[in-house]
Amino acid sequence: MTLAQRSQRKQLARRVPPMLRRPDAAGEITPDQVADARKDLGRHLAKWRASAGLRQVDLANLIRYSRSQIANVEVGRTSTTRRFWQNADTALGAYGALLAVFDQAHALARDFHAQTDQARDRERQQAVPPSAPPTFGGAACQGGGERYGPAVVGRWTAREVRALREALRMTVGTFAEHLGTAIAAVSGWEHPTTPATPTLEAQSVLDQALTLADSYFKARFRVLLDNPDTPIPGAYDRPDT
C-alpha cells in the first residue's frame, strides 16, 4: 500500500459516523434497531473489504475465518466476536474504524439485552416473590432476568464452556469458528478429566459470546447449568464444522 493510499484510508476511517440510537415512544431500544446495527456493521465490513480489493474468501484466508462467516457478517446475520473485528480491522487497514463500529453495535445489543432482562424481571417479580440467585460452579446468575437473571460467568470452567456451546447448538468446530479460536483450544477447555483453563483473553471472548447471544440461547444456558450435579449433555460434541 502506497503512502497516498494509507493517507486516504486514514481519512476514510475518521469519517465513520457514530451509530445513532433512536428510542421508540417508550424510550427503549427496539429489536429492529439492533438488527439494523448488525446490518450497518456488515455494510462497513463489505465497504472496507471492497476498498482493499479483496474477495470474501481472500479476507477469510487473511484472518483465518471461513468465507461463510465473512458472508454472514456482511449481511448482518451475525456480528461475531471482537477478536474477529480486531483481525479484520488490521487486515483491511481500517485504522480502528471497523472496531469502533463494532463497539457501538455491541454496546447497543448489550443494552437491549439488559433492557429485555430487566423488563422480564419486573414481570416475574410481580408474580413471584424475589429469591436469592443461585451460583453454578464458576457461573453466577445475578440480578434480574428471565428466571435467574442475566447469565453472568464469574470464571469460565469446562462446565460453563460446554454449556454455552450446547446452548448455542454448535459443534466444537463451529463454536471455535464463532469465537475465532482453534478447535484444539475448545476441546482443551472441555476436556472431561484435565480441562485447560481459558486464558484471560479467551475468558473475555467467551463473555462477549454470551452477552451477544439471543435471550432464547441465554435461557438454554441457564437451564443447562441449573443442576450442578447433572452432566451437560453432549448432543453437539462432534468436532467437525
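Note that the numbering runs from 1 along the sequence shown for the chain. A quick note: this is a predicted structure, and the numbers were derived from the prediction, not measured. Any value given below was found using the heavy atoms of this structure, including those in side chains, with hydrogens, waters and symmetry copies removed.
The distance from atom CZ of R165 to atom CG of L224, rounded to the nearest 0.5 Å, is 10.5 Å. Going from atom CG of L59 over to atom CD1 of I70 covers 4.0 Å, rounded to the nearest 0.5 Å. Going from atom CG of L108 over to atom CG of L41 covers 11.0 Å, rounded to the nearest 0.5 Å. We find the CD1-CG distance between I232 and L225 to be 5.0 Å, quoted to the nearest 0.5 Å.
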Check: Can you check side-chain contact (heavy atoms from CB on, under 4.5 Å) on V153 and F221, steps first, answer last?
Finding: CA-CA 11 Å; V153 175; F221 177 74; 3.8 Å; yes
Stepwise, does the side-chain contact (heavy atoms from CB on, under 4.5 Å) test hold for S187 with I183? CA-CA 6 Å; S187 297; I183 291 176; 4.1 Å; yes
Fill in: Verdict with reasoning, W189 to T181, per side-chain contact (heavy atoms from CB on, under 4.5 Å)
CA-CA 12 Å; W189 298 338; T181 191; 4.2 Å; yes
Please evaluate residues L179 and R83 with respect to the criterion side-chain contact (heavy atoms from CB on, under 4.5 Å), reporting the C-alpha separation (whole Å), side-chain torsions for both, the decisive distance (0.1 Å), and the verdict. CA-CA 8 Å; L179 297 178; R83 179 184 292 180; over 6 Å; no
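The two residues A52 and L92 make their nearest non-hydrogen contact at CB-CD2, 3.9 Å. The nearest pair of heavy atoms linking S66 to E177 is OG-OE2, 2.9 Å. Here the shortest heavy-atom pairing between H106 and L212 reads ND1-CD2, 3.2 Å. The two residues E74 and L45 make their nearest non-hydrogen contact at CG-CD2, 3.8 Å. When all heavy atoms of A91 and I63 are compared, the closest pair comes out as CB-CG2, 3.8 Å. The shortest non-hydrogen separation linking K39 to V75 is CG-O, 4.0 Å.
Here R43 pairs with D40 under the salt bridge (charged side-chain N to carboxylate O under 4.0 Å, His left out) rule; sequence neighbours left out.
The backbone N or O of N72 lies less than 3.5 Å from no partner atom in the side chain of R77, so there is not a single donor-acceptor pair. Counting only distance, with no hydrogens or angles, the side chain of Q115 and the backbone of E28 share no donor-acceptor pair below 3.5 Å. Remark: the backbone N or O of H178 is paired with a side-chain donor or acceptor of T80 at under 3.5 angstrom. When atom types are taken as modelled, the side chain of D89 and the backbone of L98 share a donor-acceptor pair closer than 3.5 angstrom. Remark: the backbone N or O of K47 is not paired with any side-chain donor or acceptor of S51 at under 3.5 angstrom. In this structure a side-chain-to-backbone donor-acceptor pair under 3.5 Å is present from Q203 to W156. Under a 3.5 Å cut-off, the side chain of T174 and the backbone N or O of M170 do not form any donor-acceptor pair. A donor-acceptor pair under 3.5 Å is absent between the side-chain atoms of R67 and the main chain of Q56, judged by distance alone.
With salt bridges taken as basic N to acidic carboxylate O contacts below 4.0 Å, none links R49 and D58. Note on R159 versus E190: no salt bridge recorded, every NZ/NE/NH1/NH2 to OD/OE distance being 4.0 Å or above.
A donor atom on one side chain and an acceptor atom on the other are found under 3.5 Å apart for E160 and T157.
When each of I29, T30, V34 is paired with D32, the side chain to side chain contact (heavy atoms under 4.5 Å, CB included) condition holds for T30 and for no other.
F102 and W85 have parallel rings, their planes meeting at less than 30° on a 0 to 90° scale where 60° marks the start of perpendicular.
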